[in-house]
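Quick notes on the structure that follows.
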Amino acid sequence: TPWRDGLRLGIHCVACCGNLMAGLLAMGMMNVSAMVAVTVAITTERFVPRAARAIGVAAVAAGLLMIGQAASA
């Protein structure tokens with residue numbers, strides 16, 4: 001039973017935070033401002049579940065901005 005509970009919680013964590021971790025990887029794992037942004041986003045999602053949609057939209061917008069900057073360089 002503890003194994004199943006841990007596995008279930010791990011899968012839930014990956015499903016909730018995997019996209020933000022992928023964004024952190026794209027921005028640079030050692031970038032302190034990126035770490036702070038992802039930490040704030042994950043904490044906000046945990047305490048204010050309705051904010052998850054807004055955080056997702058902001059993540060997509062940031063990704064599109066990064067793509068635009070890479071294309072113009």
Side-chain angles (χ1 to χ4, degrees):
T1 302
W3 176 258
R4 274 187 300 187
D5 288 341
L7 187 61
R8 181 181 54 82
L9 289 173
I11 290 171
H12 178 73
C13 183
V14 168
C16 290
C17 304
N19 57 347
L20 293 171
M21 290 297 148
L24 182 61
L25 183 64
M27 289 186 283
M29 291 296 269
M30 297 304 291
N31 185 346
V32 176
S33 60
M35 284 190 262
V36 169
V38 170
T39 301
V40 168
I42 290 173
T43 303
T44 304
E45 280 186 358
R46 295 289 183 192
F47 290 116
V48 186
R50 290 186 174 196
R53 187 176 306 263
I55 291 170
V57 169
V60 168
L64 291 173
L65 181 66
M66 288 174 64
I67 291 171
Q69 288 176 345
S72 67

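In what follows, every heavy atom counts, from backbone to side chain, and hydrogens, waters and symmetry copies are set aside. Counting begins at 1 with the first residue of the sequence.
Through side-chain heavy atoms spaced under 4.5 Å, either directly or across other Ile, Leu, Val, Met, Phe, Trp or Tyr residues, L7 is tied to I11.
Shortest non-hydrogen contact noted between A34 and G28 is CB-O, 4.2 Å.
Partners of M29 under the side chain to side chain contact (heavy atoms under 4.5 Å, CB included) rule, at least two apart in sequence or in another chain, are L24, L25. Residues meeting the side chain to side chain contact (heavy atoms under 4.5 Å, CB included) test with V36, sequence neighbours left out: V32, V40. Residues passing the side chain to side chain contact (heavy atoms under 4.5 Å, CB included) test with A37, sequence neighbours excluded: none.
Among pairs with a residue in residues 29-48, those fulfilling side chain to side chain donor-acceptor pair (under 3.5 Å) read N31-S33, at least two apart in sequence or across chains. Note on residues 7-27: no pairs pass side chain to side chain donor-acceptor pair (under 3.5 Å), not counting sequence neighbours.
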Can you give the donor-acceptor pairs under 3.5 Å from side chains of residues 58-73 to other protein atoms, not counting sequence neighbours?
{"from": "S72", "atom 1": "OG", "to": "G68", "atom 2": "O", "distance (Å)": "3.3"}
{"from": "S72", "atom 1": "OG", "to": "Q69", "atom 2": "O", "distance (Å)": "3.1"}

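Rounded to the nearest 0.5 angstrom, I55 CD1 and I42 CD1 are separated by 9.0 Å. With rounding to the nearest 0.5 angstrom, the CE atom of M30 is 5.0 Å from the CE atom of M35.
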